[in-house]
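Worksheet: one structure, shown below.
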Protein chains: 2
Amino acid sequence: MRRFKIPEVTVGRLSLYLRCLNELEEEGIEVVSSLDLGRRCGVNPAQIRKDLAYFGEFGTRGVGYYVKELKEDIKRVMGLNKIWEVALVGVGNLGTALLRYRGFQQHGFKLSVAFDIQTEGKEIPEGCQLYHASEMERVIKERGIKLAIISVHYSQAQEVAERLARAGVKGILNFAPVRIRLPRGVVVRNVDMGTELEILTFYLTMKGTR
Amino acid sequence: MRRFKIPEVTVGRLSLYLRCLNELEEEGIEVVSSLDLGRRCGVNPAQIRKDLAYFGEFGTRGVGYYVKELKEDIKRVMGLNKIWEVALVGVGNLGTALLRYRGFQQHGFKLSVAFDIQTEGKEIPEGCQLYHASEMERVIKERGIKLAIISVHYSQAQEVAERLARAGVKGILNFAPVRIRLPRGVVVRNVDMGTELEILTFYLTMKGTR
DNA sequence: CCCTCCATGTGGTAACTTTCACAAAAGGTA
DNA sequence: TACCTTTTGTGAAAGTTACCACATGGAGGG
């Protein structure tokens, strides 16, 4: 049970295992081996065991993993055994869609506050409150929010990120097409849909050229 | 100029360099060294040179890279010197937002057709046509579309992907939270926003625990 | 035309990830 | 209890990716 330097890919796979385990649970399967789990989610079984070994011994030799238990263990390890409040900054097209997206709620995230420089005429779902961007620091500090999503124009993303960090946010998911850089202590993940499409065209073009 | 087995991370970085080069061009900077470019986008300069070396020699020793030239070279390598038509399947919350998202157009992608099982009462932007899902194969074949975005419910994502592949699509960007698996010949990229948030909570939780 | 300067392109190596392969342990059976 | 089957947990090997360090070769000046 060593806790140092967990590779990011491992963490991503934990999330994947979690999804598979949920499926297995729904199907009424109670025990699963790394081989079967691996087949399901397209990961080498040894890889699964190594990933899990970073955090402890969750299996039973000769048997496998108890689905329900492993699920809870992974949730605990990833900090998903509680509900996380998330702030969303930038209620444009994408921001609005993200507010309505049900996938977050299902995974224990609650988009409870949103910010924009324009607060008129926006449709905000139940349970979420819209504030003017100038109130960002105050509201985030008051509610002790640690997670934020940035969906503003790329020219403002870096500045918004810095303000969020100063307000006490510790994790940022950035949808603007700039690589945000912040001092250590804040984790940033950049989701760039343009890049994703470009990677696809690259491989499509390659195939033709070769 | 070897063309075999380009790592995916390299391709992603090419896209990043492209963005930086656009910025540099806007600022009127004509020549850039790998050192400066590296500082801008947070990549080691040797890394940049290695990445580019997969595709040829684009720089001039003692000088650096000519911004405009390198930009065009990267665009050519990635197949971005043309406009790509993209089909979108699933016009729900997320799908609608993606249709309206301007970032794609700016990078040479045109969301020209969309499909859903429900075609009534959807607001579709100019230049994009909405069809019933049953017409998917026909329309995609007729227009020779090679790229598609999936934003349907996760329970249908795999099936939609298979239909797209049969209709001739070669690259799929999947926003549904399932890892889509297809036979070789079709490139799939999964964008999973739930996983992204979970990776953040993992690192936030870790920091506290350690 | 030669010499100096400077940033590229690249061989080698270090760091990291994935996979293999097997000893260790748990559970069932006689 | 002893033995057999099964699957974990893990050390070591293989495979990738990132980085260092320097020879190479343009460009510009004298």
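Chain identifiers are assigned alphabetically (A, B, ...) following the order of the sequence lines, protein sequences preceding nucleic acid strands; residue numbering begins at 1 within each chain.
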Give the rounded distance in Å between these two atoms: [atom1] of [X] and [atom2] of [N].
X	N	atom1	atom2	answer
B/Arg49	C/dG11	CZ	P	14 Å
B/Asn44	C/dT8	CG	P	12 Å
B/Phe55	C/dT10	CZ	P	14 Å
B/Arg13	D/dA18	CZ	C1'	8 Å
A/Tyr54	C/dT18	OH	C1'	10 Å
A/Tyr17	D/dT8	OH	P	12 Å
A/Leu70	D/dT7	CG	C1'	14 Å
A/Glu8	C/dT18	CD	P	12 Å

**Asked** Going by atom types only, do A/Arg19 and A/His107 share a side-chain donor-acceptor pair under 3.5 Å?
**Response** yes
Looking at B/Val9, B/Thr10, B/Ile6, B/Val11, which hits side-chain contact (heavy atoms from CB on, under 4.5 Å) with B/Asp51?
->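 Checked B/Val9, B/Thr10, B/Ile6, B/Val11 against B/Asp51; only one passes side-chain contact (heavy atoms from CB on, under 4.5 Å): B/Thr10.
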Between A/Gln47 and A/Gly62, whichever has its closest DNA chain C nucleotide further toward 5' is A/Gln47
Side chain B/Ser151, main chain B/Gly90, donor-acceptor under 3.5 Å:
yes
Quick one: ring-ring contact (aromatic ring centres under 6.0 Å, His included) pairs with a partner in residues 179-202 of chain B, sequence neighbours left out?
->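 As it turns out, the ring-ring contact (aromatic ring centres under 6.0 Å, His included) pairs with a partner in residues 179-202 of chain B, which skip direct neighbours, are A/Phe55-B/Phe202.
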In terms of heavy-atom contacts, A/Ser15 and A/Met78 come closest through N-SD, 4.0 Å
What one should report as the nearest heavy-atom pair of B/Arg76 and B/Asp73 is NH2-OD1, 2.8 Å
With the side chain defined as heavy atoms from C-beta on, A/Glu57 is closest, among D/dT10, D/dT17, C/dT17, to D/dT10
Handout entry: Donor-acceptor pair present, B/Lys50 side chain and C/dG11 base, under 3.5 Å
Key =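 Yes, a donor-acceptor pair under 3.5 Å.
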Could you tell me whether the side chain of B/Arg61 has a donor or acceptor atom within less than 3.5 Å of a complementary atom in the base of D/dT24? yes
For this session: Would you tell me if any nitrogen or oxygen in the side chain of A/Tyr66 comes within less than 4.0 Å of OP1 or OP2 on C/dA26?
Result: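 So the side chain of A/Tyr66 is outside the cut-off, no N or O lying under 4.0 Å from OP1 or OP2 of C/dA26.
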More than 12 heavy atoms of other residues, nucleotides or ligands under 6.0 Å from NZ of B/Lys110: yes or no? yes
Mind listing the residues from residues 22-38 of chain B sitting with a heavy atom below 4.0 Å of DNA chain C? Number order is fine.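 Listed by number, they are B/Ser33, B/Ser34.
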